[in-house]
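Residue numbering restarts at 1 for every chain, and letters A, B, ... go by the order of the sequence lines. Bear in mind that the values here come from a model prediction, so they are computed numbers and not experimental data.
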2 protein chains.
Amino acid sequence: MQLDKLVHFHKALGDATRIRIIILLKNGPLHGLAIADRLGLRPPTITHHISKLRDTGMVYARREKNTIYFHLDERKLSFMASAIMRLGEVSEMTEKEFSLTEKEKQTIVNNFVAKDGKLKQIPSQLKKKLVILAYFVRNFEIGKVYDEKEVNEYIKSFHEDYATIRREWIMQQFMYRENNRYELNPVEMWPVTFNE
Amino acid sequence: MQLDKLVHFHKALGDATRIRIIILLKNGPLHGLAIADRLGLRPPTITHHISKLRDTGMVYARREKNTIYFHLDERKLSFMASAIMRLGEVSEMTEKEFSLTEKEKQTIVNNFVAKDGKLKQIPSQLKKKLVILAYFVRNFEIGKVYDEKEVNEYIKSFHEDYATIRREWIMQQFMYRENNRYELNPVEMWPVTFNE
DNA sequence: CAATTAATTAGATATACATCTAATTAGATG
DNA sequence: CATCTAATTAGATGTATATCTAATTAATTG
């Protein structure tokens, strides 16, 4: 399910009147006037809410004579309600954010790092920035503690604006700082990993 | 869970930015500036959204130095997301709507039905109205088909405004009408049942 | 086809809320 | 205590939306 659909589903349930309609429909189909009467609201208000519920697919309509009965599709409701828990799964929208192939990452590096190994500029696009940060941070040793001067010196070897890079490493959780001493965070915390 | 809490939970998820925050936090805790940077938004905007998420309990905060890390409580998220499916269960909010003891129903009947068995007036409060409608509708036989005149005659035996009562029985699904012939709906469809 | 009933549309109103900038608070550190 | 950084608050702005009344459409039936 794509993000937009998920948002609309929860928007649909984010209203007391619509939840009450769901409750009514749990006990079986009902038509508009009956719903309006039970909730103490006017028919146009029910039309408004029902159409939002129908848009998500969790409610559908069946005509009988000139009365329209609204039914709750409990399976759909259940499926969509649980979607938020499945967010991390493959083929979910998460992947759009941060999954890059090694090839793509290499391309980004090639675009921003000169032949002499220096960083031409810090990418402004988040995804690219993270790749670059990951690329250069790998030269620290896991578990080793560095003082600020050491970190600065290393950064200067490939880019002049050491303050920004240092700050980004902390902010993006590649590194951890305590009492001005720096060390790598565990790789699991990195927003992007970089395997050569 | 009470209705209000459920509504607020879904309201909280009914926004693309907040869903994106959830996605980020699924990969581990993050602090405000990092979230702002990843989403391309300003810190106050993040404060705004995070506080809505915290209100529901699905996100909590832990301070480390002067950075505040926000954590996702997946168990709470999962519990609340599934609440909509449990709506019908006992001790849920449904019961507030329509569960009356036989005694309470009898009291309502006593208040609205005179000693001679006539309906004094149609209750305006929904709950009471349904009890009265159920009370009088029981005299029809299950499965038997009535024509409109028969229905009217029966209603007149206890109340003058037969049109209203007849219409309410249809609207509230105590009865079903087809080609001006009337019959009782199955008791499962009644919004209120009445056992003597 | 005229009358009835159910549902929807149109348009108005009032409230909620997502986002921003600017200013402020809170903690940590030199 | 002065400075830095992170987070929050305050206040403004524009958009979204819940509800209503009045008017209209759709289907059924005498």
Side-chain angles (χ1 to χ4, degrees), chain A residues 7-8 10-21 29-37 39-55 59 61-70 147-149 163-164 166-173 176-182, chain B residues 7-8 10-21 29-37 39-55 59 61-70 147-149 163-164 166-168 170-173 176-181:
Chain A
V7 170
H8 273 86
H10 287 290
K11 255 198 184 44
L13 294 185
D15 177 272
T17 298
R18 289 192 288 267
I19 295 274
R20 285 202 205 96
I21 291 176
L30 268 185
H31 57 273
L33 284 188
I35 297 173
D37 192 68
L39 299 183
L41 294 168
R42 297 293 168 181
T45 306
I46 304 306
T47 297
H48 169 77
H49 289 300
I50 281 283
S51 85
K52 296 211 167 196
L53 293 172
R54 291 177 70 179
D55 285 348
V59 165
R62 279 204 197 304
R63 178 153 223 140
E64 232 169 271
K65 304 281 168 186
N66 70 0
T67 303
I68 297 173
Y69 284 85
F70 300 103
D147 62 25
E148 186 165 305
K149 187 169 260 177
T164 298
R166 208 186 55 216
R167 183 157 37 77
E168 288 278 3
W169 276 338
I170 300 302
M171 175 144 109
Q172 306 295 355
Q173 321 212 73
Y176 176 69
R177 172 179 52 198
E178 178 152 14
N179 300 329
N180 257 25
R181 299 174 64 73
Y182 295 73
Chain B
V7 169
H8 274 87
H10 287 289
K11 256 198 183 39
L13 295 184
D15 177 271
T17 299
R18 289 193 287 268
I19 295 273
R20 285 202 205 96
I21 292 176
L30 269 184
H31 56 273
L33 285 188
I35 297 174
D37 193 68
L39 300 184
L41 294 168
R42 298 293 169 182
T45 306
I46 304 306
T47 297
H48 168 76
H49 290 300
I50 281 283
S51 84
K52 297 209 167 198
L53 293 172
R54 290 177 70 179
D55 285 347
V59 164
R62 278 203 198 303
R63 177 153 225 138
E64 232 169 272
K65 304 280 168 189
N66 69 1
T67 302
I68 296 172
Y69 284 85
F70 300 104
D147 62 26
E148 186 166 304
K149 187 169 258 175
T164 297
R166 207 186 55 215
R167 182 155 38 76
E168 287 279 3
I170 301 301
M171 175 144 108
Q172 305 296 353
Q173 321 212 71
Y176 177 69
R177 171 178 52 198
E178 179 153 11
N179 299 328
N180 256 25
R181 299 173 64 73

Trainee: For the side chain of R18(B) and the backbone of K11(B), is there at least one donor-acceptor N/O pair under 3.5 Å apart?
Mentor: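 Side chain of R18(B) to backbone of K11(B), a donor-acceptor pair under 3.5 Å: yes, one is there.
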Trainee: Quick check: any donor-acceptor pair below 3.5 Å linking the side-chain of N66(A) to the base of dA27(D)?
Mentor: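 Such a pair is found, so the answer is yes.
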Trainee: Please state whether the phosphate of dA18(C), meaning OP1 or OP2, lies under 4.0 angstrom from any side-chain nitrogen or oxygen of K52(B).
Mentor: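 Answer is yes, contact under 4.0 Å.
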Trainee: Measure the distance from NE2 on H49(B) to C1' on dA18(C) and round it to the nearest whole Å.
Mentor: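 After rounding, the gap between these two atoms is 6 Å.
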Trainee: Indicate whether OP1 or OP2 belonging to dA18(C) is found under 4.0 Å from a side-chain N or O atom of T17(B).
Mentor: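 For dA18(C), neither OP1 nor OP2 has a side-chain N or O of T17(B) closer than 4.0 Å.
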Trainee: How long is the line joining CD1 of I46(A) and P of dT17(D), in whole Å?
Mentor: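 It is 18 Å, rounded to the nearest whole Å.
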Trainee: Between R166(B) and R18(B), which is nearer to the 5' end of DNA chain C once each is assigned its nearest nucleotide?
Mentor: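 Final value for this comparison: R166(B).
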Trainee: Within the 4.0 Å heavy-atom criterion, would you say L41(B) contacts the bases, only the backbone, or no part of the nucleic acid?
Mentor: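 Result for L41(B) = sugar-phosphate.
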Trainee: Distance check needed: dA18(C) P versus L53(B) CG, whole Å only.
Mentor: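 So the CG-P distance, L53(B) to dA18(C), works out to 10 Å.
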Trainee: Base, sugar-phosphate or nothing for S51(A)? Non-hydrogen atoms, less than 4.0 Å.
Mentor: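 Nothing: the residue S51(A), judged by heavy atoms under 4.0 Å, touches no strand.
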Trainee: When you compare the side chain of R20(B) with that of T17(B), does any pair of heavy atoms fall below 4.5 Å?
Mentor: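 Heavy-atom side-chain distance check passes, below 4.5 Å.
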Trainee: So does R42(B) get a side-chain nitrogen or oxygen closer than 4.0 Å to the phosphate oxygens (OP1/OP2) of dA18(C)?
Mentor: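 Negative; the distance criterion is not met.
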Trainee: Does the side chain of T45(A) get closer than 4.0 angstrom to OP1 or OP2 of dC20(D) through an N or O atom?
Mentor: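 So the side-chain polar atoms of T45(A) do come within 4.0 Å of the phosphate oxygens OP1 or OP2 of dC20(D), strictly under.
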Trainee: Between T67(B) and dA6(D), does any side-chain N or O lie under 4.0 Å from OP1 or OP2?
Mentor: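 No, outside the criterion.
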Trainee: Can you tell me how the ring of Y69(A) sits relative to the ring of H31(A), calling it parallel under 30°, perpendicular over 60° and tilted otherwise?
Mentor: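 Geometry flag for H31(A) against Y69(A): perpendicular rings.
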Trainee: Between M171(A) and D37(B), is any pair of side-chain heavy atoms under 4.5 Å apart?
Mentor: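 Counting from C-beta outward, M171(A) and D37(B) do come under 4.5 Å.
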Trainee: Can you measure M171(A) atom CE to dT5(D) atom P for me and round it to whole angstrom units?
Mentor: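 Those two atoms, CE and P, are 12 Å apart.
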Trainee: Nearest to the side chain of P44(A), heavy atoms from C-beta on, is which of dT29(C), dA22(D), dT8(D)?
Mentor: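 Side chain of P44(A) sits closest to dA22(D).
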Trainee: Can you measure from OG1 (T45(B)) to CG (L39(B)) and round to the nearest 0.5 angstrom?
Mentor: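 That separation rounds to 10.0 Å.
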Trainee: Are V59(B) and I21(B) close enough that some pair of their side-chain heavy atoms sits under 4.5 Å apart?
Mentor: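 The answer is no; the side chains never approach within 4.5 Å.
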Trainee: Only pairs with both distances under 3.5 Å count, Watson-Crick or wobble alike; so what is the partner of dG30(C) in this structure?
Mentor: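 Result: dC1(D).
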Trainee: Roughly how many Å is it from CZ in R62(B) to P in dA7(D), rounded to a whole number?
Mentor: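 Nearest whole value for this atom pair: 16 Å.
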Trainee: At 4.0 Å (heavy atoms only), tell me whether R167(B) reaches a base, stays on the sugar-phosphate, or touches nothing.
Mentor: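 Touches nothing.
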Trainee: Measure from NE2 on H10(B) to C1' on dC17(C) and round the result to the nearest Å.
Mentor: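 In whole Å, dC17(C) C1' and H10(B) NE2 are 19 Å from each other.
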Trainee: Start at the 5' end of DNA chain C and walk down; is the nucleotide closest to H48(B) or to E64(B) reached first?
Mentor: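 Looking at the nearest nucleotide for each, H48(B) comes out on the 5' side.
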Trainee: Atom NZ of K11(A) and atom P of dA16(C): how far apart are they, to the nearest Å?
Mentor: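 Computing the K11(A):NZ to dA16(C):P distance gives 16 Å.
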Trainee: Rounded to the nearest angstrom, tell me the gap between atom CD1 in I50(A) and atom C1' in dA18(D).
Mentor: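 Distance, rounded to whole Å: 15 Å.
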